[in-house]
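Scroll down for the structure; my scribbles are underneath it.
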Protein chains: 2
Amino acid sequence: MRKVPGSTVSRLSVYLRLLDDSGTQGVATVSSVELARRAGTTAAQVRKDLSFFGTFGKRGRGYSVAELSAALRSILGLERGWRVALVGAGQIGRALLGYEDFRRRGFVIEAVFDADPRKVGQRCNGLEVQAAERLEVVLAGGIDIAILAVPVAAAQQVAERVVSTGVRAILNFAPVPLRLPADVALKTVNMALELESLSYALASAPSARAARREE
Amino acid sequence: MRKVPGSTVSRLSVYLRLLDDSGTQGVATVSSVELARRAGTTAAQVRKDLSFFGTFGKRGRGYSVAELSAALRSILGLERGWRVALVGAGQIGRALLGYEDFRRRGFVIEAVFDADPRKVGQRCNGLEVQAAERLEVVLAGGIDIAILAVPVAAAQQVAERVVSTGVRAILNFAPVPLRLPADVALKTVNMALELESLSYALASAPSARAARREE
DNA sequence: AACTGTGAAAACTTTCACAGCC
DNA sequence: GGCTGTGAAAGTTTTCACAGTT
């Protein structure tokens, strides 16, 4: 298989969510034009994205919602449940624990850790917060994905401890670039960075409102 | 000025954060090699990114930390504070309210809205949750950026109401593509999508652990 | 007629490599 | 000698446009 762009993989997730919506509405087929319109991309992009993985449509008819949905689930590895651990039970960590979207997609958070002794033993969404010292032993027990919601100062070190247990996928919420071996899949969600991109957009292409305020 | 890639703008945010770290440590200058090492990119990339906006370094010496930091702040529009409103006071919304990283960078959340009457009137981080009906009047009072932390089903409609008030920048946490006029800056943070990218990585390049479990 | 799948072209982004300055 | 700034080259992603299928 050709190398698949990361942007293609992200769009497959979007397509899948859209299909699940319309799937519940009983629509049988969907065209690349319709999918593109809803996903905010182009029909050619939809077809090219899918073409990396095979042929899923019927010429002249479009895609079966049920079949394409199943195919995307398989491609994305969502047919099985992944075992997830959350490191850091601060405000963001606790919000993630209650995030229904994760569970709905088969990502089950099985363990929570925090370095603060006052948090250890507390219950969050049915899980008891465990001491950070127990990270290694619990993760080695078969966790697939670790979510890091720890302070910047701790992130690199915690990530290395996580990787040492054999975990090969990390979702990082600390706003710092992590340096990890190439065989570890890493995604960083940097919310302050996204706000700064918006700031750049406002500052460099001032809207009528911004211009008014500058006066 | 040439068109600047979005990825360049994102990296500028990363550089700025790194400079602020080393700035506090009293380092006077930094080279593109050093900055790249810490940002997880290449020296050529750092220099090219900066070259879109001018020349900031001294040949043979590198970049003054203080000067480059100030320049990046100016480029990103971070010299002024932006007025931010949060729509949605659910778990994610409340976590964002307490997120110190936003305030530290000059993004001050001034108003919070929720559609649930039971939440209206509650205090979160010193702000009283306002009824969703007040969205238009408050946002028109000079809010620059809206953060959307509302359910998927409401996101598009809320976004349109926000845009109608003149706001031209939205940070969206609802996992759905929003369709908005081209002059509105939009960033979507889709956490479930990031997890699914990790799932894809695990499923398509199985680690020793995953392979073991498959047996 | 409607719509997919896909090579080829275009657009965009990153990397290279080196002239030029401190 | 060390390091920046930048055109040119390489690599990647998107768009085009059309042959082919139902």
Side-chain angles (χ1 to χ4, degrees), chain A residues 1-15 18-19 22 27-72 75 177 182 197 200, chain B residues 1-15 18-19 22 27-72 75 177 182 193 197 200-201:
Chain A
M1 192 190 302
R2 279 170 291 180
K3 201 182 130 282
V4 180
S7 49
T8 287
V9 176
S10 293
R11 283 189 299 264
L12 295 185
S13 286
V14 173
Y15 304 154
L18 296 172
L19 289 172
S22 74
V27 179
T29 65
V30 67
S31 69
S32 57
V33 172
E34 171 65 7
L35 210 42
R37 192 186 58 75
R38 296 211 269 153
T41 181
T42 66
Q45 183 79 78
V46 170
R47 298 198 299 273
K48 181 65 87 179
D49 284 340
L50 297 175
S51 78
F52 284 105
F53 300 96
T55 97
F56 304 100
K58 299 253 192 306
R59 291 175 196 233
R61 313 214 169 212
Y63 303 88
S64 151
V65 170
E67 282 173 24
L68 185 55
S69 171
L72 290 176
I75 291 166
S197 291
Y200 171 80
Chain B
M1 191 190 303
R2 277 171 291 179
K3 202 184 130 280
V4 180
S7 49
T8 286
V9 176
S10 294
R11 282 189 300 264
L12 295 185
S13 286
V14 173
Y15 304 155
L18 296 172
L19 289 172
S22 74
V27 179
T29 65
V30 67
S31 69
S32 56
V33 171
E34 171 65 6
L35 210 42
R37 191 185 58 74
R38 296 211 270 152
T41 181
T42 66
Q45 183 78 79
V46 170
R47 298 199 301 272
K48 180 65 86 179
D49 285 339
L50 297 175
S51 77
F52 284 105
F53 299 96
T55 96
F56 303 100
K58 300 255 190 307
R59 292 174 196 234
R61 312 212 170 211
Y63 303 88
S64 151
V65 169
E67 282 172 25
L68 185 54
S69 172
L72 290 177
I75 292 166
L193 181 150
S197 291
Y200 171 79

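Below, chains carry the letters A, B, ... as their sequence lines are ordered, and counting in each starts from 1.
- With rounding to the nearest 0.5 Å, the separation of OG in B:S32 from NZ in B:K48 is 13.0 Å.
- Residue A:R61 is in sugar-phosphate contact alone, with no base atom involved, counting any heavy-atom pair closer than 4.0 Å across all strands shown.
- Shown here for B:P177 and A:V14, the closest heavy-atom pair between the two residues is CG-CG1, 3.7 Å.
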List the steps and the verdict of side-chain contact (heavy atoms from CB on, under 4.5 Å) for B:Y15 and B:L68. CA-CA 9 Å; B:Y15 304 155; B:L68 185 54; 5.9 Å; no

For A:L35 and A:T41, run side-chain contact (heavy atoms from CB on, under 4.5 Å): C-alpha distance rounded to whole Å, both residues' side-chain angles, the deciding distance at 0.1 Å, then the answer. CA-CA 8 Å; A:L35 210 42; A:T41 181; over 6 Å; no

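- At D:dT4, none of the side-chain N or O atoms of B:S51 fall inside 4.0 Å of OP1 or OP2 (strictly under the cut-off).
- The residue among A:G62 and A:G54 whose nearest nucleotide of DNA chain C lies closer to the 5′ end is A:G62.
- In the region residues 28-45 of chain A, proximity to DNA chain D at under 4.0 angstrom, judged on heavy atoms, holds for A:T42, A:A44, A:Q45.
- When the options B:L12, B:I75, B:T8 are evaluated for a side chain to side chain contact (heavy atoms under 4.5 Å, CB included) with A:Y200, the one that passes is B:I75.
- Between B:Y63 and D:dG5 there is a side-chain polar atom (N or O) within less than 4.0 angstrom of OP1 or OP2.
- The nucleotide range of DNA chain C contacted by chain B, defined by atoms under 4.0 angstrom from heavy atoms of the protein and reported 5' to 3', is C:dT13 to C:dC22.
- A:R11 and A:D49 make their closest contact through NE-OD2, 2.6 Å (heavy atoms, listed as atom of the first residue, atom of the second, distance).
- Interface remark: the B:R59 side chain does form a donor-acceptor pair with the D:dT4 base, using a distance-only criterion of under 3.5 Å.
- Across all their heavy atoms, B:A36 and B:T42 have their closest contact at CB-C, 3.3 Å.
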Hey, can you pull the donor-acceptor pairs under 3.5 Å for the side chains in residues 53-67 of chain B, sequence neighbours left out?
from	atom 1	to	atom 2	distance (Å)
B:S64	OG	B:A66	N	3.4
B:S64	OG	B:E67	N	3.0

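- Comparing A:G6 and A:R47 against DNA chain D, the residue whose closest nucleotide sits nearer the 5' end is A:G6.
- Spacing between atom NZ of A:K48 and atom C1' of D:dT12 amounts to 12 Å, rounded to whole angstrom units.
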